[in-house]
Amino acid sequence: MSIPATEFASRFPDLSRQMRVDQVGVEERVARFCKRSIKNQSKVQALSMALSMIDLTTLEGQDTPGKVRQLCQKALHLHDQLPGLPHVAAVCVYPTMVAVARQALAGHDIKVASVATAFPSGQSPLAAKLADIKMAVDSGADEIDMVISRSAFLQGNYARVFDEIGAVKEECGSAHLKVILETGELGTLDRVRRASVIAMHAGADFIKTSTGKIQPAATMPVTLVMLQAIRDFYYETDRLVGMKPAGGISKSKQAIQYLVMLREVLGERWLTPELFRFGASSLANDVLMQLQKQATGVYQSPDYFSKD
Amino acid sequence: MDKDPRVSARHAGNDTAGATQKATRQAKPEAGARLTVAKTYKIYIGGKFPRTESGRYYPLRDKSGEVIANICSGSRKDFREAVVAARGGFANWSSTNAYLRGQILYRIAEMLEGRGQQFVAELVIQGVSKQRAATEVTATVDRLVYYAGWADKYQQVFSAVNPVASSHFNFSVLEPMGVISILAPEDSGLLGLVSNIAPAITGANTCVVLASTSMPLCAISFAEVLESSDVPPGVVNILTGSQDELAGQFASHMDVNAVIHAGSDGERIKEVQLLAANNIKRTIVRTQTSWVGETGQGPYFIKDTQETKTTWHPVGA
């Protein structure tokens, strides 16, 4: 499965030329994104946009077909009292649940995403990871969320990480590939940047911060570093790579701050569910509560919104 | 510019003893007259004392028109945060056993007793006569002790085994409603406030309270008492500000289960009742003008913010 040596050499990025991340600078920049005042009409617009970018997610050992169907039902009927709401971008489940989700969402343009490659640890042989993907793709997944092998990455075995992503991309076929870096396990922003560059060169359509199983999950500094990597990759290769912060974003206010950051780092072209997603399970309800508040002027209670 | 060092010392505002101790004064000048350290009255949300999010304040004046303090003019966002804190504190407080809740109420009384003089002084600044202030503080301590006693007893009084014409064991018990918003009485800064908070929390609810606009000092000092009396964060949250601005929010918030309005302004009562209908919130109106004695207390004050749960349990055949 590994790429022939000559091709590998031409595609593997020269990591020595990657710029180093200035952590203090990143934190100061992030602090400024959080100070933008987004009110009234622009707030409603930002909230609907956030809603349209959500990957409604359930990744638990306790998932059952019934629970997945329920989640799909929620994706289809977010809050029927509020007319004109956008639908979420995708429903994200384990490979064994893809068929169930596919069936429940038949006839609608909500995508089915599946995590794969021994999610969340990535500690399985490549053959098993590829079998995982094949199962998800054959069951009808539109998008695959893979995890990189942090073990190999932290050992400095970047070539293996690169090869694995390449092999997975091939196995995905037409399905979109999101590569989870699990930044909470990488330790430094420099490594986050390096992992992003490797993933994008190896063929990722999206890069994603976290599995949601490790703390810290998505944070704004980590996301900023990844967005900058996407921007530099675009200048270098003319390819648009998407971004998905996942885990830990549960409030509308945070979601709006991420959108501000996205707009100011990558520009308007990225303000679409094609290129930006939120991986979250509880964010949707908070956004809905805020939209309802904007519509009625009354603060809302979770009692009146569906549970996942 | 002064040649005489004593003169400059006087300018700094001290030295009434004067010339007799001139030599020592010159060697070691006394510090200036001590400035009083004025207390900053902040709001109380989730066990913390933040300033209002809005950055707005209103001056509180004494009888002579002198400004005593700048009081936070709480906003609807402060209220929203307070409701989040109250909701967060509810699970813990409602599962705390009744005996312990009683102990904690008793503890509040203890702490209030110890700081009684401060409360008397604050009431006097706000225009209450010295004697009435002392009576009010004592009555407040007694009221807390009264509800401390009720904490593990009201359930027995109001619960019942009901006769039914089928083979069921049928019984009704009280359960706390949840988050209660309280518009405290305008003319009773301490006793009226506590007479509304105490029964709500005795009944295992959590609450958000808007203190009297014209007498807010004791409310914030009472928050300090709560903070140091084992009351978990979020159980009581106290805001200051204008009732005109906040009453609507207190009544309309969907995550509030009941609203208590203490006062007799008909227009205000109507406003609260109309907005509370939004989520069929229970509305409790308390119109008494005096909170002293039996008119200001009783187990029915606790029952006001309780739901009755009736259970049908099959027995026999």
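Computed from a predicted structure; not experimentally measured. Note on naming: letters A, B, ... go to the chains in the order of the sequence lines (proteins, then strands), and numbering restarts at 1 for each one.
Between B/Asp244 and B/Arg268 a salt bridge is recorded (basic side-chain N to carboxylate O distance below 4.0 Å).
With B/Tyr300 as the fixed residue, the ring-ring contact (aromatic ring centres under 6.0 Å, His included) test singles out one of B/Trp150, B/Tyr154, B/Phe158: B/Phe158.
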Next on the checklist: Evaluate B/Val256 against B/Val208 for side chain to side chain contact (heavy atoms under 4.5 Å, CB included), listing each step before the verdict.
Outcome noted: CA-CA 9 Å; B/Val256 169; B/Val208 180; over 6 Å; no
Item to check | Stepwise side-chain hydrogen bond (donor to acceptor under 3.5 Å, both in side chains) check, B/Asn170 with B/Thr310 | outcome: CA-CA 7 Å; B/Asn170 182 293; B/Thr310 296; 5.3 Å; no
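A donor-acceptor pair under 3.5 Å is formed between the side chain of B/Ser212 and the backbone N or O of B/Glu186.
The distance from the OH atom of B/Tyr57 to the CG atom of B/Asn70 is 8.5 Å, given to the nearest 0.5 Å.
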Using only the distance criterion (under 3.5 Å, no hydrogens considered), which donor-acceptor pairs connect chain B with chain A?
from, atom 1, to, atom 2, distance (Å)
B/Met254, N, A/Tyr299, O, 2.9
B/Asp255, OD1, A/Ser301, OG, 2.8

